[in-house]
Amino acid sequence: MFALNTSEVEISTFLLIGIPGLENVHIWISIPICFMYLLAILGNCTILFVIRTDPSLHEPMYYFLSMLALSDLGLSFSSLPSMLRIFLLNAVEISADACIALEFFIHGFTDMEFSVLLIMSFDRFLAIRNPLRYSSILTSSRVLHIGLAFAIKSFLLVLPLPFTLKRLRYCNKHLLSHSYCLHQDVMKLACSDNRVNFYYGLFVALCMMSDSVFIAVSYVFILKTVLGIASYGERLKALNTCVSHICAVLIFYVPIITLATMHRFAKHKSPLAMILIADAFLLVPPLMNPIVYCVKTRQIRVRVLEKLSLKSK
């Protein structure tokens with residue numbers, strides 16, 4: 001650290017926050033957190049392994065599920081270092097460069113998750129709208145190109161964020177609001193002009209949230225198509241193919257919407273509730289998505305059970 005002419009002190013490290021008031025039991029809190037991370041990584045790796053090794057699952061729906069598993073793994077590995085350092089080692093200090101790097105990957109994989117959920121909603125619409133042409137429209141090469149295009153889009157969208165944060169000066173205040181680094185959280189600590197960060201961060205947030213609008217539009221068209229099916233049984237069968245995706249969307253969006261609503265409308269916000277919801281945003285989707293797809297998707301469930309039974313013999 002060094003003194004500035006403005007009598008302010010520029011800082012090069014930030015302090016992350018665990019759970020206020022429970023600092024003495026962070027080591028015990030680290031046990032369920034480590035268990036959740038382990039299950040999330042194991043579950044998503046299992047999904048990828050089963051889809052990769054079973055030719056009968058080499059279909060567009062399961063390719064997109066693989067993309068969701070990859071984005072969940074990326075989200076888990078991005079938040080894992082800071083979370084475990086806090087709760088397992090009680091090390092809350094993080095360098096500015098490391099914080100900005102973590103922020104880039106967290107936002108990048110978050111946007112990738114938004115994008116994959118959007119792609120999967122279009123996939124479900126196409127499967128219900130044109131079931132006979134579904135496989136011919138979504139060929140393996142097209143699925144690959146779609147996945148690469150959205151992955152590149154996600155990281156190009158957030159690529160300017162670390163550079164805009166790096167050009168700022170951070171003085172006196174260095175306590176962040178979460179157990180990991182977020183662009184808006186780091187930006188608020190700056191003592192130099194951060195208007196560029198604010199407006200570009202707002203643009204990124206709007207781009208991410210626009211995906212939710214397109215997902216909603218997709219389901220409007222899905223419902224319209226389903227209601228046009230004469231047979232009641234066929235309607236239920238068509239809607240049942242969307243249940244896993246709807247669960248994944250709710251698991252991902254509910255913490256985000258709840259957190260945004262509390263920030264915007266709550267007059268007396270509980271710091272503990274805010275931190276728990278923010279942590280759930282990174283912990284719960286990677287943990288629950290493999291469980292949901294194993295439970296609700298018969299093909300995945302059967303293949304996983306077959307793999308487990310073969311290993312037990």
Side-chain angles (χ1 to χ4, degrees), residues 1-2 9-46 69-110 112-113 158 161-162 165-166 168-190 251-252 255-256 259 269-291:
M1 300 191 296
F2 54 90
V9 176
E10 185 169 356
I11 60 174
S12 58
T13 60
F14 299 121
L15 296 180
L16 298 167
I17 192 169
I19 299 180
L22 298 177
E23 288 83 2
N24 293 332
V25 294
H26 273 180
I27 187 66
W28 297 106
I29 297 173
S30 69
I31 295 174
I33 289 177
C34 289
F35 185 64
M36 291 175 72
Y37 271 119
L38 181 63
L39 284 181
I41 293 169
L42 180 62
N44 285 290
C45 287
T46 300
L70 286 172
S71 63
D72 281 336
L73 283 173
L75 207 53
S76 294
F77 284 121
S78 299
S79 57
L80 183 65
S82 60
M83 295 278 279
L84 291 190
R85 287 180 75 250
I86 292 171
F87 293 103
L88 191 60
L89 305 176
N90 203 29
V92 297
E93 195 171 86
I94 184 171
S95 69
D97 289 339
C99 188
I100 290 172
L102 284 177
E103 167 267 334
F104 167 73
F105 286 109
I106 288 173
H107 285 295
F109 283 110
T110 299
M112 187 173 171
E113 187 113 355
V158 301
L161 294 181
L165 288 176
K166 186 70 176 174
L168 299 177
R169 286 188 295 110
Y170 303 94
C171 312
N172 301 326
K173 297 185 295 182
H174 60 167
L175 180 63
L176 297 170
S177 305
H178 301 294
S179 305
Y180 48 89
C181 298
L182 294 177
H183 174 262
Q184 61 270 29
D185 203 16
V186 176
M187 177 190 69
K188 290 177 182 178
L189 301 183
I251 289 168
F252 188 68
I256 296 176
L259 198 61
K269 294 176 287 190
S270 167
L272 179 60
M274 300 284 284
I275 290 169
L276 289 176
I277 295 171
D279 289 347
F281 160 63
L282 291 184
L283 286 169
V284 174
L287 172 67
M288 292 304 299
N289 284 339
I291 296 174

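Fair warning: this is a prediction, and the values are worked out from it, not measured in the lab.
If you take CG on Leu75 and CD on Glu113, they are separated by 6.0 Å, rounding to the nearest 0.5 Å. Note that CD of Glu93 and CZ of Arg85 are 8.0 Å apart. Values are rounded to the nearest 0.5 Å. Separating the CD1 atom in Ile33 from the CD1 atom in Ile19 is a distance of 6.0 Å, to the nearest 0.5 Å. Between the CG atom of Leu168 and the CE atom of Met187 there is a distance of 9.0 Å, given to the nearest 0.5 Å. If you take CZ on Phe77 and CZ on Phe105, they are separated by 13.0 Å, rounding to the nearest 0.5 Å. Interatomic distance, Cys99 SG to Phe104 CZ, rounded to the nearest 0.5 Å: 14.5 Å.
In this structure the side chain of Phe252 reaches within 4.5 angstrom of the side chain of Phe281, judged on heavy atoms. A 4.5 Å side-chain heavy-atom check between Leu182 and His107 finds at least one atom pair inside the cut-off. When side chains are defined from C-beta on, Glu103 does not count as touching Gln184, because their heavy atoms never get closer than 4.5 Å. Residues Asp279 and Met36 form no side-chain contact, since every pair of their non-hydrogen atoms from C-beta on lies 4.5 Å or further apart. Contact check for Asp97 versus Lys166: side-chain heavy atoms found under the 4.5 Å cut-off. Ile27 is not listed as a side-chain neighbour of Asn90, based on a closest heavy-atom distance of 4.5 Å or more. Side-chain contact check for Leu39 versus Phe35: some heavy-atom pair is nearer than 4.5 Å.
A pairwise comparison of heavy atoms in Ser79 and Leu282 identifies CB-CD1, 3.4 Å as the closest pair. Considering every non-hydrogen atom in both Ile251 and Pro285, the closest pair reads CG2-CA, 3.6 Å. The two residues Ile275 and Gly18 come nearest to each other via the heavy atoms CG2-O, 3.4 Å. Pairing each heavy atom of Leu176 with each of Cys181, the nearest pair is CD1-SG, 4.0 Å. Taking each heavy atom of Leu16 and Ser179 in turn, the nearest pair found is CD1-O, 3.9 Å. Of all heavy-atom pairs spanning Val158 and Gly108, the tightest one is CG2-CA, 3.7 Å.
Proximity of a side-chain donor or acceptor of Asn44 to a complementary backbone N or O of Leu73 within less than 3.5 Å is not detected. Although no hydrogens or angles enter the test, the distance criterion places no donor-acceptor pair under 3.5 Å between the side chain of Ser76 and the main chain of Tyr37. Although no hydrogens or angles enter the test, the distance criterion places no donor-acceptor pair under 3.5 Å between the side chain of His183 and the main chain of Leu165. Side-chain atoms of Thr13 do not come within 3.5 Å of backbone N or O of Ile94 as any donor-acceptor pair.
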Does the pair Ser78 and Tyr180 meet the rule for a side-chain hydrogen bond (donor to acceptor under 3.5 Å, both in side chains), with working shown?
-> CA-CA 9 Å; Ser78 299; Tyr180 48 89; over 6 Å; no

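Remark: Leu38 pairs with no residue by the side-chain contact (heavy atoms from CB on, under 4.5 Å) rule, at least two apart or across chains. Not a single side chain to side chain donor-acceptor pair (under 3.5 Å) links Thr110 to another residue, sequence neighbours left out.
Aromatic ring orientation, Phe14 versus Tyr170: perpendicular (interplanar angle above 60°, classes split at 30° and 60°).
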